[in-house]
Amino acid sequence: MLELIAAAGSAFGVIFVAELGDKTQLLALGFGARHSLRQVAIGLTIGYGVAGAIAALVGGVLGAALPERPIALAGGVLFLLFAVLALRSGAETEDGDGARVIKASTVIASITLTIAVGEMGDKTQLATAALAARSNPFAIWFGSTLGEVSAGMLGAVAGLKLGTKINPRILRLASAALFAIFGLALLISAA
């Protein structure tokens, strides 16, 4: 049992530090500025959990065999799609308080998908796979997911604080630009 706790703890530490300043933490910042913290937390947890589970299952053995180019191409296209959707979100129906009316499940699903795709082939996913190859995959998955969610929530809380001080139109444009930059970077890396 002590070995499982140690494995999870080391995975948490390594992945938390590696996730600081990572693209998905920056995306979490954008989500925190635009959506409720509860929805962001759920989406981040599921997205990071899925990406971490894939990495832990692969366990580094098949990691080198995964086709990086198709994953990068698909991720790039999805990020560009998210950029377009972020730009279009300003045209959505607004309620009396000026808040966009978006179903919570749609927000959570888009955050989940964005984070899961953004983590594919990322340094933290590769680190999780490498750690899982040497230790208990479940403990590594648990620790790495907790580390990523913790780092992502730091970004989301920062986004929440910034979101109250910045014009929603500027936030929407910044989010779209961030998605587009990451999408183009993925497409260029696949070329």
Side-chain angles (χ1 to χ4, degrees), residues 11-13 15-55 75-76 78-95 97-125 127-128 141-183 185-186:
F12 171 86
I15 302 302
F16 176 80
V17 171
E19 189 65 26
L20 294 175
D22 193 57
K23 67 181 175 285
T24 51
Q25 187 187 37
L26 296 175
L27 291 170
L29 185 140
F31 288 132
R34 298 182 62 216
H35 305 293
S36 85
L37 207 50
R38 180 175 174 251
Q39 293 170 344
V40 174
I42 293 168
L44 290 178
T45 302
I46 296 169
Y48 284 130
V50 166
I54 292 169
L78 277 173
F79 275 97
L80 291 175
L81 175 65
F82 292 142
V84 170
L85 292 174
L87 287 174
R88 293 189 59 203
S89 71
E92 294 170 358
T93 308
E94 297 191 354
D95 66 17
D97 295 331
R100 288 180 302 285
V101 178
I102 301 174
K103 285 185 145 185
S105 59
T106 303
V107 170
I108 292 169
S110 69
I111 292 169
T112 297
L113 184 60
T114 301
I115 296 301
V117 168
E119 281 297 308
M120 292 299 147
D122 191 63
K123 67 180 182 257
T124 51
Q125 190 182 42
T128 299
W141 168 78
F142 182 79
S144 68
T145 300
L146 190 59
E148 287 179 313
V149 170
S150 298
M153 285 306 295
L154 285 177
V157 169
L160 176 67
K161 299 298 181 190
L162 288 173
T164 60
K165 296 173 179 23
I166 299 173
N167 181 320
R169 184 173 187 277
I170 292 171
L171 282 175
R172 189 176 72 251
L173 293 173
S175 292
L178 199 57
F179 282 128
I181 289 167
F182 290 134
L186 283 170

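Just so you know, residue 1 is the first one in the sequence shown, and it goes up from there.
- No donor-acceptor pair closer than 3.5 Å links the side chain of Gln25 to the backbone N or O of Gly152.
- Rounding to the nearest 0.5 Å places CD1 of Ile111 at 11.0 Å from CG of Leu113.
- Taking CZ from Arg34 and CG from Leu160, the interatomic distance works out to 14.0 Å, rounded to the nearest 0.5 Å.
- Atom-to-atom distance recorded for Leu29:CG and Lys161:NZ is 13.0 Å, nearest 0.5 angstrom.
- In terms of heavy atoms, Thr112 sits closest to Ile46 at CG2-CG2, 3.4 Å.
- Once rounded to the nearest 0.5 Å, the distance linking CD1 of Ile15 with OG of Ser150 reads 12.0 Å.
- Among all heavy-atom pairs drawn from Gln39 and Ala104, the shortest one is NE2-CB, 3.0 Å.
- In this structure, Phe12 and Phe16 have parallel ring planes: the angle between them is below the 30° cut-off, well short of the 60° mark.
- A donor-acceptor contact shorter than 3.5 Å links the side chain of Ser110 to the backbone of Val107.
- Across all non-hydrogen atoms, the minimal contact from Ala51 to Ala116 is CB-O, 4.2 Å.
- Atom NZ of residue Lys123 and atom CG of residue Asp22 lie 4.0 Å apart, to the nearest 0.5 angstrom.
- Side-chain atoms of Thr24 and Tyr48 form a donor-acceptor pair, as typed in the model, at a separation below 3.5 Å.
- Scanning both residues, Leu20 and Ala151, for their nearest heavy atoms gives CD2-CB, 4.1 Å.
- Annotation for Glu148 and Glu119: closest pair OE2-OE1, 2.7 Å, computed over non-hydrogen atoms.
- Between Thr124 and Ala18, the shortest heavy-atom distance links the atoms CG2-CB, 3.6 Å.
- To the nearest 0.5 Å, the span separating CD1 on Ile108 from NE2 on His35 amounts to 10.5 Å.
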